[in-house]
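Here is the structure we will look at.
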Number of protein chains: 2
Amino acid sequence: MDEVAGAVADRVRREILLMLRDGPLTAGQIADRFAISRPAVSRHLRVLREAGLVSDAADGRHRVYALVTAPIEELMGWLAELTRPSAWQHRFDALETEVYRTRRERRTAAGPDRSEEKTA
Amino acid sequence: MDEVAGAVADRVRREILLMLRDGPLTAGQIADRFAISRPAVSRHLRVLREAGLVSDAADGRHRVYALVTAPIEELMGWLAELTRPSAWQHRFDALETEVYRTRRERRTAAGPDRSEEKTA
DNA sequence: CGGAAGCGTAACACGTCGGTTACGCGTCAG
DNA sequence: CTGACGCGTAACCGACGTGTTACGCTTCCG
């Protein structure tokens with residue numbers, strides 16, 4: 001998943017994925033759409049391949065790339081969990097608890113310091 | 001969105017977002033959870049802030065960070081579009097078309113190797 | 001065959017990223 | 001007021017990513 005997020009985090013690679021959404025394309029067709037050199041595009045394709053976001057198939061002297069959506073959905077699943085609150089419907093009560101916890105920790109480690117009662 | 005994807009593409013930052021899912025935390029509390037130095041965490045928080053993924057609020061000498069889910073949903077929206085087929089329900093028939101077109105282009109050999117005219 | 005087309009890799013330059021230590025500035029406590 | 005605490009920033013450095021050009025391998029066509 002690290003690789004998937006990293007792959008999507010690049011503008012060129014996102015553009016490639018968008019192109020591939022409309023159907024498979026050869027490496028040359030993809031490269032033609034960018035101002036950068038073909039080797040650069042080739043390496044972008046390599047990143048996408050290693051992230052599992054595209055599949056490649058040799059066809060004569062062409063190499064055809066196709067979009068693979070499975071890793072995308074996996075990433076979407078992770079993101080969806082973020083938007084789902086876990087054990088925190090009590091508004092900001094948890095903040096108070098956390099601050100208190102840290103204070104206790106620090107006290108045991110550093111010494112006398114009963115300070116920030118301010119909480120929130 | 002570039003920034004959002006880039007922010008999520010880092011392991012430490014993803015962990016921070018997960019921590020924040022359970023409620024706001026101070027910078028110190030976040031930093032305590034990692035083996036890296038606090039300045040390093042501070043910069044991760046800066047990246048998250050500039051991506052709009054967290055909100056920060058000064059509270060005394062503490063700084064409280066909270067998760068902001070809006071950009072996440074935006075990224076999810078972009079990813080969802082990838083999984084949606086656009087004008088291509090004919091399985092891999094398009095592949096054949098693309099390869100054929102490319103071959104023809106080369107055969108004409110007039111020079112211009114523009115390919116992307118068929119999708120558009 | 002032999003040469004051109006298609007594509008990937010190798011080697012290299014360079015900006016960016018993520019880490020560290022040193023420091024500054026505001027805030028709370030005594 | 002003074003000193004400790006919390007946190008961010010500055011300066012620096014090694015690693016990685018992205019771009020380039022040069023090259024090699026495979027495939028097609030005349």
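Computed from a predicted structure; not experimentally measured. Below, chain A is the first sequence line, B the second, and so on; all start at residue 1.
One interatomic measurement links the two molecules: CZ of B:Arg38 to P of D:dT9, which rounds to 13 Å at whole-angstrom precision. With rounding to whole Å, A:Asp59 atom CG is found 13 Å from C:dG6 atom P. Per the geometry, CD1 belonging to B:Ile36 stands 16 Å off C1' belonging to D:dC13, to the nearest Å. If you measure from atom CG of B:Asp56 to atom C1' of D:dT9, you get 15 Å, rounded to the nearest angstrom. The nearest whole Å value for the distance from the CG atom in B:Leu45 to the P atom in D:dT9 is 10 Å. In this structure, B:His62 atom NE2 and C:dC28 atom C1' are separated by 10 Å, rounded to whole Å. For the pair B:Arg61 CZ and C:dT27 P, the computed distance is 11 Å after rounding to whole Å. Atom CG of B:Asp32 is separated from atom C1' of D:dG6 by 11 Å (rounded to the nearest Å).
Between B:Ser37 and C:dT20 there is a side-chain N or O to OP1 or OP2 distance below 4.0 Å. Listed pair A:His44 / D:dG19 meets the phosphate criterion, a side-chain N or O lying under 4.0 Å from OP1 or OP2. Contact annotation: A:Tyr65 side-chain N/O to C:dG8 OP1/OP2 distance is under 4.0 Å. Proximity of A:Thr26 to the phosphate of C:dC7: a side-chain N or O atom is located under 4.0 Å from OP1 or OP2.
Residue contacts for B:Phe34: at a heavy-atom cut-off of 4.0 Å it reaches no nucleic acid atom on any strand shown. At the heavy-atom level, B:Ala40 lies under 4.0 Å from base atoms of the strands shown.
For B:Pro39, counting side-chain heavy atoms from C-beta on, the closest listed nucleotide (C:dA4, C:dA22, C:dG26) is C:dA22.
Looking at residues 2-17 of chain A, you'll see A:Asp10, A:Arg13 sit with a heavy atom under 4.0 Å from some atom of DNA chain D.
With hydrogens and angles left out, the side chain of B:Arg43 and the base of C:dG18 share a donor-acceptor pair within 3.5 Å. One cannot find a donor-acceptor pair under 3.5 Å joining the base of D:dC7 and the side-chain atoms of B:Arg63.
Salt bridge absent: B:Arg11 and B:Glu15 never bring a charged side-chain N and a carboxylate O closer than 4.0 Å. The pair A:Asp32-A:Arg38 fails the salt-bridge criterion, with no side-chain N (NZ, NE, NH1 or NH2) lying under 4.0 Å from an Asp/Glu carboxylate O.
For A:Arg84 (side chain) and A:Leu79 (main-chain N/O), no donor-acceptor pair under 3.5 Å exists by modelled atom type. Counting only distance, with no hydrogens or angles, the side chain of B:Arg13 and the backbone of B:His44 share no donor-acceptor pair below 3.5 Å. Panel note: side chain B:Glu73, backbone B:Ala70; no donor-acceptor pair is recorded below 3.5 Å.
A side chain to side chain contact (heavy atoms under 4.5 Å, CB included) with B:Leu17 is found for exactly one of B:Val12, B:Thr69, B:Val54, namely B:Val54.
Neither A:Leu48 nor A:Val68 shares a network with the other; the hydrophobic side chains, linked directly or stepwise wherever heavy atoms of I, L, V, M, F, W or Y lie under 4.5 Å apart, form separate groups for each. In terms of hydrophobic clustering, with Ile, Leu, Val, Met, Phe, Trp and Tyr side chains grouped at heavy-atom distances under 4.5 Å, B:Tyr65 and B:Val47 are assigned to different clusters.
Between A:Ala35 and A:Gly60, the residue anchored closer to the 5' end of DNA chain D is A:Ala35, taking for each the nucleotide with the nearest heavy atom.
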